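The block underneath contains the structure these notes are about, expressed in structure tokens.
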Amino acid sequence: MTDFIEELGLSYLVEGEGKALVILHGWGCNKEMFQFLIDKYKDKYQVYAFDLPGFGASREPKEVIGTEAFCDILIKAFKILKIENPIMIGHSHGGRIILRLSSKMDFDKVILMGSAGIVNKRPASYYIKVYTYKTLKKIYQFYPIKKLFPGLLDKYSKNAGSEDYRNASPIMKGVLSKVVNEDHKEYLPGIKAPTLLIWGANDTATPLSDGRLMEKMIPDAGLVVFEGAGHFAFLEQKQRFLAVLDAFI
């Protein structure tokens, strides 16, 4: 069943009865991609899959927000829905939110799949792209430059930014820029719940090194690496993923 919390602008799917199992999607995704998990576990759990603010059928934030605000919205939703001590499943951006949320509430178990939340040192090429774009943006304010080189800034922006950034609305571009620069390593030692980490060996969005670091820093964590898989390992090797998940929960 699809439902909507009007005061929070939050859309979610819920099926089943029993202990709460909550699923948070990654950037650019939505709750529907986890229908296969809802179908599998709705006989044992009350399964919730949320559209995070700015995605799917949920309303876009009115201003640029960070991970803290995503957490505050979810905490309010959990209170309304009477969700306590849930099993949490998060992919990528959803995992990032769970890391921060772990300092605010208790979980029964945690499953992180290619989780974001760790800020790595970037190559020099990244900073060259960023500062070149910022410089062009300033120069482009002058009318003669705009007239001589129409469309130059848009063209550079399309080539320089990630696909997620290019596809985002102006506000969500700001949100993405904000959250990707928030490092949540400090919250890892505070995660007390048993934690399963699932990573694709070929993940280029959140590298395997992030998963290995989380395994070291989270007190009760185990890492399962899917060889030959990338950032969406749970879909690329779905049957293996479900078998590992079954054994854990």
Side-chain angles (χ1 to χ4, degrees), residues 2-13 22-35 48-77 80 90-101 113-120 122 126-141 145-146 149-184 203-206 230-232 235:
T2 301
D3 214 330
F4 195 81
I5 304 175
E6 183 62 39
E7 64 190 88
L8 300 175
L10 211 60
S11 177
Y12 66 96
L13 288 169
V22 176
I23 308 168
L24 303 181
H25 63 77
W27 192 274
C29 301
N30 57 45
K31 61 186 182 299
E32 279 76 21
M33 73 183 300
F34 290 104
Q35 186 64 52
Y48 294 86
F50 287 89
D51 275 339
L52 293 167
F55 302 97
S58 289
R59 284 200 298 264
E60 186 175 285
K62 293 180 180 179
E63 59 185 9
V64 172
I65 63 172
T67 308
E68 180 80 9
F70 277 102
C71 290
D72 290 343
I73 291 167
L74 284 172
I75 287 172
K76 290 175 183 176
I80 291 169
H91 173 241
S92 195
H93 178 55
R96 173 194 283 121
I97 293 170
I98 291 172
L99 295 183
R100 183 69 185 90
L101 202 55
M113 308 174 299
S115 177
I118 292 178
V119 176
N120 295 294
R122 295 184 171 106
Y126 168 83
Y127 294 100
I128 291 170
K129 282 183 178 180
V130 169
Y131 289 115
T132 299
Y133 175 73
K134 287 183 176 180
T135 302
L136 277 174
K137 194 173 181 181
K138 286 183 178 180
I139 295 172
Y140 211 67
Q141 292 174 358
I145 302 297
K146 279 187 180 181
F149 304 101
L152 175 64
L153 194 63
D154 288 341
K155 184 178 179 181
Y156 187 83
S157 175
K158 288 177 182 178
N159 292 331
S162 69
E163 185 176 356
D164 282 338
Y165 187 82
R166 292 195 299 272
N167 292 335
S169 70
I171 283 182
M172 294 309 288
K173 279 185 171 73
V175 172
L176 181 59
S177 295
K178 186 175 179 66
V179 298
V180 297
N181 287 298
E182 295 174 342
D183 197 334
H184 297 299
D203 193 334
T204 56
T206 52
H231 191 50
F232 290 85
L235 293 179

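Keep in mind that what you see is a predicted model, and the values were worked out from it rather than measured.
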Report task. Working to the nearest 0.5 Å, report the span between CE of Met172 and CD1 of Ile65. Result -> 7.0 Å

Query - By side chain to side chain donor-acceptor pair (under 3.5 Å) - contacts of Asp72 (at least two apart) - result: none

Query raised in the report: When rounded to the nearest 0.5 angstrom, what distance separates OG1 in Thr206 from CZ in Arg96?
Result: 9.5 Å

Query raised in the report: Could you go step by step and tell me if Leu24 and Leu74 meet the side chain to side chain contact (heavy atoms under 4.5 Å, CB included) rule?
Result: CA-CA 10 Å; Leu24 303 181; Leu74 284 172; 3.8 Å; yes

Query raised in the report: How many angstroms lie between atom NZ of Lys62 and atom CD1 of Ile171, to the nearest 0.5 angstrom?
Result: 10.0 Å

Requested in this report: Answer yes or no: is there a side-chain heavy-atom contact under 4.5 Å between Lys76 and Ile73?
Outcome: no

Please set out all donor-acceptor pairs under 3.5 angstrom arising from side-chain atoms of residues 2-13, sequence neighbours excluded.
{"unit_1": "Glu6", "atom_1": "OE2", "unit_2": "Arg59", "atom_2": "NH1", "d": "3.0"}
{"unit_1": "Ser11", "atom_1": "OG", "unit_2": "Lys31", "atom_2": "NZ", "d": "3.1"}

Query raised in the report: Partners of Ala205 by side chain to side chain contact (heavy atoms under 4.5 Å, CB included), sequence neighbours excluded?
Result: Asp203, His231

Query raised in the report: Closest heavy-atom contact between Gly26 and Ser92?
Result: CA-CB, 4.0 Å

Query - Inter-residue atom distance Ile23.CD1 - Tyr48.OH, 0.5 Å rounding - result: 12.0 Å

Query raised in the report: Can you list the residues that meet the ring-ring contact (aromatic ring centres under 6.0 Å, His included) rule with Phe70, with sequence neighbours excluded?
Result: His93

Report summary line: Closest non-hydrogen contact found for Lys178 with Glu182 is O-CG, 3.3 Å

Report summary line: For Ser169 and Glu60, the nearest pair of non-hydrogen atoms, with its separation, is OG-OE1, 2.8 Å

Query raised in the report: Sequence neighbours excluded, which residues qualify as ring-ring contact (aromatic ring centres under 6.0 Å, His included) partners of His25?
Result: Phe55

Query raised in the report: So do the side chains of Leu99 and Ser115 get within less than 4.5 Å of each other, counting heavy atoms only?
Result: yes

Query raised in the report: By side chain to side chain contact (heavy atoms under 4.5 Å, CB included), which residues pair with Cys71, not counting sequence neighbours?
Result: Thr67, Ile97, Arg100, Leu101, Lys104

